[in-house]
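Right, one structure below, let's go through it.
Lettering follows sequence order; numbering is per chain, from 1.
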2 protein chains.
Amino acid sequence: MSGSRPFANALELLRDAGLRPTRQRLALARLLFDRGDRHVTAEQLHGEAIAAAVPVSLATVYNTLHQLVGAGLLREVVVNPGRSYFDTNVSDHHHFFLEESGRLLDIPGDRIDVSNVPAPPAGTAIRRVDVVIRIGREAD
Amino acid sequence: MSGSRPFANALELLRDAGLRPTRQRLALARLLFDRGDRHVTAEQLHGEAIAAAVPVSLATVYNTLHQLVGAGLLREVVVNPGRSYFDTNVSDHHHFFLEESGRLLDIPGDRIDVSNVPAPPAGTAIRRVDVVIRIGREAD
DNA sequence: TGCCTTCTTTAGAACGGCTCTAATCTGTTG
DNA sequence: CAACAGATTAGAGCCGTTCTAAAGAAGGCA
Ligand SMILES: [Mn+2]
Ligand SMILES: [Mn+2]
Ligand SMILES: [Zn+2]
Ligand SMILES: [Zn+2]
């Protein structure tokens with residue numbers, strides 16, 4: 001039983017990323033990847049780990065998040081100055097950002113067309129196209 | 001002579017925004033608006049003012065930048081965690097972001113089509129659509 | 001199994017951008 | 001010019017994030 005979903009197994013996921021499956025990384029990987037797509041901040045994830053009785057320092061949470069970004073298993077989303085979100089959805093997609101609550105909602109990549117993009121300056125190449133749609137309570 | 005461009009005059013610009021034209025605000029407004037479109041950080045602008053022998057505190061630079069944003073004369077662009085850019089171009093447009101140098105380049109709003117955008121969640125309205133195209137040295 | 005090496009974790013200090021405080025100063029109005 | 005409201009300031013404080021260096025854990029190999 002189990003083992004059918006991609007990355008169903010935190011241990012395998014870490015091994016494949018070349019990261020030792022330590023107690024802390026296993027717990028964090030499970031919190032991140034066991035429940036569908038998530039957009040979490042480092043402090044949120046740290047709070048969840050502590051609540052789940054997994055003692056882990058904030059430094060380790062940051063280390064692990066950055067290592068997972070480096071391994072392509074997580075992506076960093078910037079919508080606000082002074083706080084990063086980490087996105088477990090690494091497919092091509094965009095975001096609604098709810099300014100009041102600070103929540104991010106996925107928009108599938110094929111639900112938005114960004115077309116007619118000018119060529120980037122000579123010698124440079126496009127790394128990523130981020131569309132952030134900022135939304136708020138109706139009728140401002 | 002002069003007076004033909006919109007906001008050719010810092011004094012008038014501040015008065016129209018309901019801000020007292022103090023020595024500091026006049027100098028900052030001139031640095032911001034006298035040379036075409038700019039994308040500056042608070043520290044950059046502070047450095048320019050000091051270099052121009054206009055003694056002004058960093059707190060005043062932040063106060064002024066936020067007041068100008070509030071007056072719709074400036075817009076805040078978020079591309080990086082931990083640092084805000086202030087954009088003197090308040091027309092509808094988007095950005096290239098050069099990750100290596102931290103520079104922003106304007107893309108006119110009509111040079112990009114963002115179409116097929118899903119409706120925002122019930123009770124919310126779109127405040128702004130930001131497209132950031134992250135670019136880097138060719139062939140990563 | 002124990003030993004050794006390397007990688008990882010950690011507490012706490014440090015950092016950087018930004019904001020706040022409360023005292024001083026300046027622009028404006030009459 | 002006096003009086004007041006609004007603006008500026010130095011410096012402290014805040015908060016998310018990163019760094020440091022010391023202690024701990026994982027894995028390879030006898
Ligand atoms: Mn980061
Ligand atoms: Mn701000
Ligand atoms: Zn997402
Ligand atoms: Zn711009």
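- Residue A/Leu11 contributes atom CG, which lies 12 Å from atom P of D/dA26 at whole-angstrom precision.
- In this structure, A/Leu65 places its CG atom 12 Å from P of C/dT9, rounding to the nearest Å.
- Looking at the side chain of A/Ala59, the nearest of the listed nucleotides D/dT17, D/dA26, C/dT10 is C/dT10.
- At a threshold of 4.5 Å between non-hydrogen side-chain atoms, the residues B/Ile135 and B/Glu100 do not count as touching.
- Between B/Arg20 and B/Pro55, the residue whose closest nucleotide on DNA chain D is further toward the 5' end is B/Arg20.
- Taking the nucleotide of DNA chain C with the nearest heavy atom to each of B/Tyr85 and B/Thr22, the more 5' of the two is matched to B/Tyr85.
- When rounded to the nearest whole Å, the span between CG of B/Leu19 and P of C/dT26 equals 19 Å.
- Rounded to a whole Å, the NE2 atom of B/His46 is 13 Å from the P atom of C/dC18.
- Nearest-nucleotide assignment on DNA chain C puts the 5′-proximal partner with A/Thr60, out of B/Ala42 and A/Thr60.
- When heavy atoms are screened at a 4.0 angstrom cut-off, A/Arg83 is found touching the sugar-phosphate backbone but no base atom.
- Without hydrogens or angle criteria, A/His46 side chain to A/Val56 main chain gives a donor-acceptor distance under 3.5 Å.
- The OH atom of A/Tyr62 sits 3 Å away from the P atom of D/dT17 (whole-angstrom rounding).
- Going from atom CG of A/Asn80 over to atom C1' of C/dG17 covers 14 Å, rounded to whole Å.
- No donor-acceptor pair closer than 3.5 Å links the side chain of B/Arg30 to the backbone N or O of B/Asn9.
- For B/Gln24, taking side-chain heavy atoms from C-beta onward, the closest of the listed nucleotides C/dT9, C/dT28, D/dT9 is D/dT9.
- Cluster membership check: A/Val40 does not share its hydrophobic cluster with A/Val77, using side-chain heavy-atom separations under 4.5 Å among Ile, Leu, Val, Met, Phe, Trp and Tyr.
- Checking the phosphate oxygens (OP1, OP2) of C/dC18, no side-chain nitrogen or oxygen of B/His66 falls inside 4.0 Å.
- Here B/Leu58 lies out of heavy-atom contact (under 4.0 Å) with every strand.
- In summary, the side chains of A/Asn89 and A/Ser91 do present a donor paired with an acceptor at a separation below 3.5 Å, with no hydrogens or angles considered.
- Between B/Arg25 and D/dT8, a side-chain N or O to OP1/OP2 separation shorter than 4.0 Å is present.
- Going from atom CZ of B/Arg15 over to atom P of D/dG6 covers 16 Å, rounded to whole Å.
- D/dA10 atom C1' lies 13 Å from atom CD1 of B/Ile50, rounded to whole Å.
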